[in-house]
Amino acid sequence: MRITDLLSASRMRLHVAVADKQDALDQLIALTRQDGLLADPDAFRRAVLEREEQVSTAIQEGIAVPHGRGDSVRRTGLAVMTLNRGVDWGAMDGQPSDLLFLIAATEDGAGYMEILSRLMSLLMDREFQRELRSATTPEAFLAAVDKAEQARFGEEKKEADSFRILAVTACPTGIAHTYMAAEALEQAAAHLGVTIKVETRGSGGVQNRLTDEEIAAADGIILAVDRTVDEDRFAGKPVLKVPVADGVHRAEELIQTVLDGQAPVLAAGTKRSPLEPLIRPAGLPRAIYRHLMEGVSHMLPFVIGGGILMALGYLFDDPSLGAATFGQNTPLSAFLTMVGRTSMNLMLPVLSGYIARSLADRPGLMPGFVGGALSANGLTFSTIFDGTATVPSGFVGAVLAGFAAGLFMRGLRRLCDHLPDRMAGIKPTLIYPLAGILFIGVFMCLVDPFVGGFSARLSQMLNDMGGVSRLALGAVLGGMMAVDMGGPVNKAAYVAATGAVATAVATGLPLTSAGYRMMAAVMAGGMVPPLALAFCATCFARLFNQQERRIAPINYLLGLCFITEGAVPFAAADPFRVIPSCVLGGSLAGALSMYWGCTLPAPHGGVFVFPLAGNPAGYVLALVLGTLAGALCLALLRRFWVPRGMRHAHT
């Protein structure tokens, strides 16, 4: 989708005089009424203004990209204005905005992310900005956009044989590494002079989907994924499968490997088993991680949404009305708490179900769901026969249930392959459900007492920790969040904390319990790396090159939103100084948060969920001190130490 296809002269006004930001917005919104773009102009106006009230849409360097979406928009389009004199739009760099793009997107968001991605990519070029600002007619403006699009993206490729290399990128959470790997592969392909198309499988769904014709014509496919993806469609093609981090850091090497014909061919007419890495010793840890992350990626929306709603239920309640029913004393708090708890209660079945599905495809989903539900209710044989109390095994039990159900169903499928063809219809409707539920029921009744007892003892031990032990645990969790900034170590700490929160919710533990303290330490440690880098680049700009200074300010926003991946470009370019600094800052923030008893019932949201924290003042102070420590350490390292191999690098 080209930007020029979404623009028209009737929706452009150049060198306009406006009184302020509101006046500029009013004129931009008025432009979108042209060409039948809108079905309900008033509703679209409300959507744009409501979005603007949440956070400024100013980027930096005088650019603002307000936007709105919904049923009020008939088709996706753009409106543009350039101003004679910029107005204050709340940009992070403090510059007035004079180059304005208003995006009107349909309810399904079709093309929205592609438009935004293209705009941001083009607007990084200051010469392109200058051409747009100097354009005196809509035709000149459109010509400048068309010229830049062709230079950056080339002519739109409609033929299937236009792409030599295809790629798929997918990280566990589908938020950052998915798109970073895609961008790195596209840049590497441009440098090597080959064409590439990258399918991204992010949290918003599949974008830029590869077609059968493109797959048939391509020289090879790169799968930079940490999640299970459908590989059957690539049968008969050279397929190079690597972790998503390799797509970020080794993009050019991966493309060259495919071009050199060194990628293994996926045999035609066969399926690559999700268990294939398990037969190679080096692949076992990665296989376990990949299947676990498949469950975690589907679980996170339930945890994040439900956790924040439950936290809001406590925030809007009055504990004086009844401590025993805190969170449900008022109608609003009761509604929020019950809806949030319902979402959280679905977390363990979803986690277990999608781990099993990753291992055994669709037949594994049902027994996996059942196993996750049994891990939450703690059913045991003792409960059935003599009425003893249930023993919920929580997060750990759900993980074990997912792997057990997946492995069992995979074995069962292979056994059923020997049945006569006339019995094929009863396998998914009778054999798989019955055998799967029976197996996972017996398995969980055996597992729950042991895992549940261990989890209870571990939770009690964490709650009984003294000052030094809390400091150590917080330091370890915060440091893990900063080691690889979205990689496996980071995800391990985050999953451990969310699992502890899930256990606390399932067993009705108070908000002061260890699980909520772990969540606070993990979020603080994950926010420090981008904040420390941005602050260091602000205070010690001469220690950073021009490109680093240009991208550093956005890390303030990323850090405050708990998006640790914002620090990845800095760490990739200078790992020996950036990573230790971030680990130091993250460890300090996590340790202080844990020591001061800070708690957080919401598993995501960054600064926006700070009002829900226990001891919010101490939490903010822990984050500030961690950020300062990381920034100062990086400044000292960059000032006094240049690692071997970077002697001639300009910093």
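Model, not experiment: these values are computed from the prediction.
Across M366 and P433, no two heavy atoms sit closer than the pair CE-CA, 3.0 Å. Taking all atoms of both residues into account, the shortest heavy-atom contact from S587 to G479 is OG-CA, 3.2 Å. Across every non-hydrogen atom of G526 and T564, the tightest pair is O-OG1, 2.8 Å. For the residue pair F316 and T330, the shortest heavy atom distance occurs at O-OG1, 3.8 Å. Taking each heavy atom of R410 and L359 in turn, the nearest pair found is NH1-O, 3.3 Å. Across all non-hydrogen atoms, the minimal contact from L185 to A167 is CD1-CB, 3.9 Å.
Counting only distance, with no hydrogens or angles, the side chain of K197 and the backbone of R209 share a donor-acceptor pair below 3.5 Å. Between the T498 side chain and the Y494 main chain, a donor and an acceptor come within less than 3.5 Å of each other. Side-chain atoms of N615 come within 3.5 Å of backbone atoms of W596 as a donor-acceptor pair (strictly under, hydrogens ignored). In this structure, the side chain of S343 engages the main chain of F302 through a donor-acceptor pair within 3.5 Å. Between the side chain of S375 and the main chain of G397, no donor-acceptor pair closer than 3.5 Å is present.
Two residues are said to be in side-chain contact when any heavy atoms from C-beta on lie closer than 4.5 Å; M409 and P367 meet this criterion. Two residues are said to be in side-chain contact when any heavy atoms from C-beta on lie closer than 4.5 Å; L412 and F439 fail this criterion. The shortest distance between side-chain heavy atoms of S352 and I355 does not fall below 4.5 Å. When side chains are defined from C-beta on, V265 does not count as touching V239, because their heavy atoms never get closer than 4.5 Å. In this structure, L434 and L438 have side chains that are not in contact, with every pair of non-hydrogen atoms separated by 4.5 Å or more. Side-chain contact check for F562 versus M481: some heavy-atom pair is nearer than 4.5 Å. Proximity of Y619 to L600: side-chain heavy atoms (C-beta onward) are separated by under 4.5 Å at one or more points. The shortest distance between side-chain heavy atoms of L374 and F443 does not fall below 4.5 Å.
In this pair, H298 and Y354 present their aromatic rings parallel. The plane angle is below 30°, not in the 30 to 60° band.
For the atom pair CG (L471) and CE (M594), the distance works out to 9.5 Å, reported to the nearest 0.5 Å. Separation of atoms CG (L223) and OG1 (T169) is listed at 10.0 Å; rounding is to 0.5 Å. Of the inter-residue distances, the one linking K237 atom NZ with L166 atom CG reads 8.0 Å to the nearest 0.5 angstrom. To the nearest 0.5 Å, atoms CZ (R413) and CZ (F408) are separated by 13.5 Å. Going from atom CZ of R517 over to atom OH of Y595 covers 13.0 Å, rounded to the nearest 0.5 Å.
Partners of R341 under the side chain to side chain donor-acceptor pair (under 3.5 Å) rule, at least two apart in sequence or in another chain, do not exist in this structure. With sequence neighbours excluded, the residues forming a salt bridge (Lys or Arg N to Asp or Glu O under 4.0 Å) with R233 are E199, listed by chain and number.
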Problem set entry | side-chain contact (heavy atoms from CB on, under 4.5 Å) between L312 and L336, worked out | CA-CA 7 Å; L312 289 173; L336 294 173; 3.9 Å; yes

